[in-house]
Amino acid sequence: MSTILREKGIETIHDQVVSEAAQRWARALRCKVTIKTESVHNPWADPGQQSDIAGWSFRPRGNHMQWMAEVETEDTLEAPDTYRKWKRSAVAGVPMYLLIPRGNRARAEKIAASVDLRFSSIYEYGFVNGVVQILQRGV
């Protein structure tokens, strides 16, 4: 089941995918999730959070990051600093996922390989009647 997002501040394709993926993964993985969207005022993201989505759990001695994800659009996948953002976001030992527009897997894998970065999984997304559809393909 998918939801159509009409939340305030969710205006771009990037933010729609970030919000939908975060909601789904928070339910499926039973963890806390913070997001970093393109909106000017985003009270949910930690100012130091580099990735678009971070899954974490509370521990008495400090929060523990379980996984992170980056969301790219057609435009950002082509941006020259995309691979640098991925490298800055990566944390040793923490699974990192990538969500990209459907049909861009080969290009994303080529960019990742050029900087010696391997994602735990790559998901492709698209829209059907305004609803985000997220598909996982084999890595």
Side-chain angles (χ1 to χ4, degrees):
M1 182 169 104
S2 297
T3 57
I4 297 177
L5 301 170
R6 302 279 186 238
E7 297 175 36
K8 184 178 180 183
I10 305 289
E11 299 173 3
T12 65
I13 290 172
H14 175 270
D15 291 356
Q16 287 178 350
V17 176
V18 165
S19 181
E20 182 64 25
Q23 290 175 54
R24 289 181 192 184
W25 291 350
R27 284 189 304 264
L29 301 173
R30 300 189 188 272
C31 62
K32 307 283 185 195
V33 174
T34 56
I35 63 173
K36 182 174 145 187
T37 60
E38 295 175 357
S39 62
V40 175
H41 178 67
N42 181 13
W44 300 108
D46 176 329
Q49 179 175 327
Q50 295 293 316
S51 61
D52 293 323
I53 310 170
W56 55 277
S57 59
F58 173 78
R59 293 204 177 151
R61 292 188 176 173
N63 297 336
H64 171 71
M65 186 178 296
Q66 296 179 338
W67 54 267
M68 62 179 61
E70 287 293 335
V71 175
E72 301 301 340
T73 63
E74 294 277 348
D75 294 336
T76 62
L77 197 55
E78 291 294 325
D81 65 337
T82 294
Y83 67 91
R84 287 188 290 273
K85 180 180 81 167
W86 294 349
K87 288 293 275 191
R88 275 193 317 270
S89 297
V91 174
V94 176
M96 187 169 179
Y97 302 97
L98 179 64
L99 290 93
I100 55 171
R102 195 171 290 142
N104 288 282
R105 184 181 185 90
R107 184 168 24 160
E109 288 174 337
K110 183 177 179 182
I111 294 169
S114 74
V115 294
D116 196 29
L117 180 65
R118 181 162 170 78
F119 289 97
S120 299
S121 191
I122 297 176
Y123 293 81
E124 293 181 276
Y125 67 84
F127 292 85
V128 176
N129 296 324
V131 178
V132 179
Q133 302 291 311
I134 301 173
L135 305 169
Q136 181 181 16
R137 306 276 192 223
V139 178

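Treat the numbers as computed from the prediction; the structure is a model and nothing was measured.
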Rounded distance [0.5 Å steps], [atom1] in [X] versus [atom2] in [Y]:
X	Y	atom1	atom2	result
Thr82	Glu72	OG1	CD	5.0 Å
Arg24	Ile53	CZ	CD1	11.0 Å
Ile35	Gln23	CD1	CD	8.0 Å
Arg118	Glu109	CZ	CD	8.5 Å
Met68	Tyr97	CE	OH	11.0 Å
Ile122	Leu99	CD1	CG	10.0 Å

task: Would you indicate whether the side-chain heavy atoms of Phe127 and Ile13 approach each other to under 4.5 Å?
output: yes
field: Side-chain heavy-atom pair Trp86, Glu70 within 4.5 angstrom cut-off
entry: yes
Grab the two heavy atoms, one from [X] and one from [Y], that are nearest each other, plus how far apart they are.
X	Y	value
Trp56	Met65	CB-CA, 4.0 Å
Val18	Lys36	CG1-O, 4.4 Å
Ile111	Ser114	O-OG, 2.6 Å
Ala108	Leu98	CB-CD2, 3.8 Å
Val115	Lys87	O-NZ, 3.1 Å
Gln66	Cys31	OE1-CB, 3.1 Å

query: Passes side chain to side chain contact (heavy atoms under 4.5 Å, CB included), Lys85 versus Asp52? Steps please.
result: CA-CA 10 Å; Lys85 180 180 81 167; Asp52 293 323; 4.1 Å; yes
- request: Classify the ring geometry between Tyr123 and Trp25 as parallel (under 30°), tilted (30 to 60°) or perpendicular (over 60°).
  value: tilted
query: Sub-3.5 Å donor-acceptor pair from the side chain of Ser51 to the main-chain atoms of Ser89, do we have one?
result: no
query: Counting heavy atoms not belonging to Asp81, are there more than 12 under 6.0 Å from its CG?
result: yes
